[in-house]
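Accompanying notes for the structure given below.
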Amino acid sequence: GGVDWHKDCLTCKTCSKKLDAALMEEQDNEAYCKSCHRKAFGGAEDEDKPKVVIGGAKNCPRCNLVVTWKEAVPGPGGVDWHKDCLSCKSCSKKLDVALMEEQDSDAYCKSCHRRLFAGVEDEDKPKV
């Protein structure tokens with residue numbers, strides 16, 4: 001896509017989750033997390049495949065059990081998680097997709113993410 005985004009404005013059009021530019025998908029100048037984009041548009045490689053795949057469910061990164069489309073919520077990196085498993089890795093607080101922060105494919109609440117990773121993304125910026 002040719003659209004430029006402010007970092008804070010880069011959210012999924014469907015679930016409103018904050019996005020990392022490297023992990024987003026773009027469709028008609030709108031930003032989507034990989035999970036919502038896959039659900040809404042499929043993938044180019046999926047065009048010849050049936051939309052329902054028996055036995056094609058993925059495992060939840062937290063509990064490692066199968067996540068069906070009915071119980072899936074997009075977690076870090078656009079990977080499907082069980083809604084009940086989407087919780088802060090540090091304090092175990094249940095997370096809403098729109099309020100989740102992510103670091104290294106793990107989910108965090110905003111306060112733990114700020115406490116644990118404050119300044120991590122600013123390391124390459126010159127100090128003023």
Q: Could you tell me whether the side chain of R62 and the main chain of S87 form a donor-acceptor pair under 3.5 Å?
A: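 Checking the backbone N and O of S87 against the side chain of R62, a donor-acceptor pair under 3.5 Å is found.
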
Report yes if some heavy atom in the side chain of [X] is under 4.5 Å from a heavy atom in the side chain of [Y]; otherwise report no.
X: L116; Y: S90; answer: yes
X: V79; Y: P61; answer: yes
X: C60; Y: E71; answer: no
X: Y32; Y: Q27; answer: yes

Distance in Å, [X] [atom1] paired with [Y] [atom2], rounded so as to fall on 0.5 Å steps:
X: C36; Y: E30; atom1: SG; atom2: CD; answer: 13.0 Å
X: D80; Y: T68; atom1: CG; atom2: OG1; answer: 9.5 Å
X: C88; Y: H113; atom1: SG; atom2: NE2; answer: 10.0 Å
X: F117; Y: D104; atom1: CZ; atom2: CG; answer: 6.5 Å
X: Y108; Y: K89; atom1: OH; atom2: NZ; answer: 4.5 Å

Q. Which atom names give the shortest non-hydrogen contact between P76 and L86, and what distance separates them?
A.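 Scanning both residues completely, I find the closest heavy atoms to be CD-CD1, 4.1 Å.
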
Q | For the student: nearest non-hydrogen atoms of A107 and L95, plus distance | A |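 Of all heavy-atom pairs spanning A107 and L95, the closest is CB-CD1, 3.7 Å.
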
**Q.** Ionic contact status for D96 with K83, cut-off 4.0 Å
**A.**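 Not counted as a salt bridge, because no side-chain N and carboxylate O are separated by less than 4.0 Å.
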
Q | Audit row: K58, V66, side-chain contact (heavy atoms from CB on, under 4.5 Å) steps and yes/no | A | CA-CA 6 Å; K58 303 278 191 251; V66 171; over 6 Å; no

(Q) Within the supplied structure, the quantity of interest is the number of heavy atoms (other residues, nucleotides, ligands) at a distance under 6.0 Å from K93 NZ; does it exceed 12? (A)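 It does not: K93 NZ has 12 such atoms or fewer within range.
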
Q: Say whether M100 and L19 are linked into one hydrophobic cluster, either directly or through other cluster members, by side-chain heavy-atom distances under 4.5 angstrom.
A: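 M100 does not cluster with L19.
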
Listing, residues 9-18 side-chain donor-acceptor contacts under 3.5 Å, not counting sequence neighbours, or none:
| from | atom 1 | to | atom 2 | distance (Å) |
| --- | --- | --- | --- | --- |
| K17 | NZ | G75 | O | 2.9 |
| K17 | NZ | E102 | OE2 | 3.1 |

Q: Evaluate side-chain contact (heavy atoms from CB on, under 4.5 Å) for H82 paired with C63, printing each intermediate quantity in order.
A: CA-CA 9 Å; H82 293 115; C63 70; 3.3 Å; yes

